[in-house]
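Counting starts at 1 for both ligands and their atoms, following the listed order.
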Amino acid sequence: MSNTKAQPRRVMLKLSGEALMGNLQYGIDPVFIGRIAEEIAELNALKVQVAIVIGGGNIFRGAYLAEGGMDRITGDHIGMLATVINALSLQDSLERIGVYSRVMSALKINEVCEDYIRRKAVRHLEKGRVVVFASGTGNPFFTTDTAASLRAVEIGADVMLKATKVDGVYDKDPQKFPDAKQIKRITYDEVIQKKLAVMDTTAIVMCRDHNLPLKVFNMNTPGEMVRAVTTDEVGSLVVSGE
Ligand code: GTP
């Protein structure tokens with residue numbers, strides 16, 4: 001294979017809830033989640049340890065409903081529960097194709113999944129299990145992007161993979177501006193200064209302060225997740241300036 005690179009040992013994959021909707025307006029598209037599971041299975045077969053943080057926006061958007069008058073903290077709690085639904089669905093899709101996985105929640109709901117315990121999560125990964133982290137950070141006001149950066153740093157991930165609907169980081173919104181240009185490599189500080197919509201600032205700062213490289217890639221292109229991990233050909237890389 002051309003342009004291959006040293007394979008990371010452990011990755012954190014950040015999936016938005018919307019990624020599970022596929023072509024639907026709401027909820028989970030079984031075909032789409034099945035494809036995501038197949039790609040995760042490919043990474044698992046390559047012996048890459050895969051941890052995942054998943055959002056809940058396909059089911060519930062706390063910030064949006066807060067604008068309509070709902071108490072923000074209640075909204076965020078409902079949003080966290082939505083991520084549990086998505087995590088269990090992804091676990092089911094993974095296990096249907098023979099990939100062992102564990103769901104660990106920042107909120108205690110022992111009847112449906114394990115609590116998040118860092119050392120246990122690392123042990124699961126070392127045993128080749130995919131670990132899906134649910135309930136974000138367990139706190140209101142923090143996004144699931146921030147949860148992904150936090151968990152990635154906690155478990156010692158080598159890279160954060162941010163799945164999006166576009167090919168990487170652009171100088172302006174490529175869905176609005178046809179002349180938007182993709183930036184292949186950029187620093188965390190430039191992303192913050194230029195207010196590029198990669199992840200929220202808290203999440204980017206967490207990556208920057210812990211020197212966690214961030215790869216942004218297109219989840220809608222089949223096979224892109226594996227290529228983003230095994231080659232330098234696709235996506236955009238956010239790194240420190242040095
Ligand atoms: P090791 O034996 O340490 O390799 O890990 P394991 O996850 O296989 O063992 P454990 O006995 O912890 O878990 C067995 C099964 O029970 C797994 O499917 C876990 O996900 C599940 N499990 C473990 N703890 C909990 C919990 O608190 N709540 C729920 N709902 N399931 C749990």
S.K.: If the threshold is 4.0 Å, N to carboxylate O, is there a salt bridge linking D145 and K162?
M.R.: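 So D145 pairs with K162 through a salt bridge.
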
S.K.: Got a salt bridge between K194 and D171, using NZ or NE/NH1/NH2 to carboxylate O under 4.0 Å?
M.R.: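 Salt bridge: no.
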
S.K.: Without placing hydrogens or testing angles, list every side-chain donor-acceptor pair under 3.5 Å for residues 17-25, not counting sequence neighbours.
M.R.:
{"from": "E18", "atom 1": "OE2", "to": "R61", "atom 2": "NE", "distance (Å)": "3.2"}
{"from": "E18", "atom 1": "OE2", "to": "R61", "atom 2": "NH2", "distance (Å)": "2.7"}

S.K.: Does a side-chain N-to-carboxylate-O contact under 4.0 Å join R151 and E154?
M.R.: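 Result for this pair is yes, salt bridge flagged.
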
S.K.: Does the side chain of T143 pick up a donor-acceptor pair with the side chain of T146 at under 3.5 Å?
M.R.: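 The answer is yes; a qualifying pair exists.
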
S.K.: How far does CG of L94 sit from CD1 of I52, to the nearest 0.5 angstrom?
M.R.: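 Separation between the atoms: 6.0 Å.
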
S.K.: At a heavy-atom distance under 4.0 Å, which protein residues reach ligand 1? Sort them by chain and number, would you?
M.R.: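 The answer is R102, N110, E111, V112, C113, E114, K120, H124, K127, R129, counting any residue whose heavy atom sits under 4.0 Å from ligand 1.
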
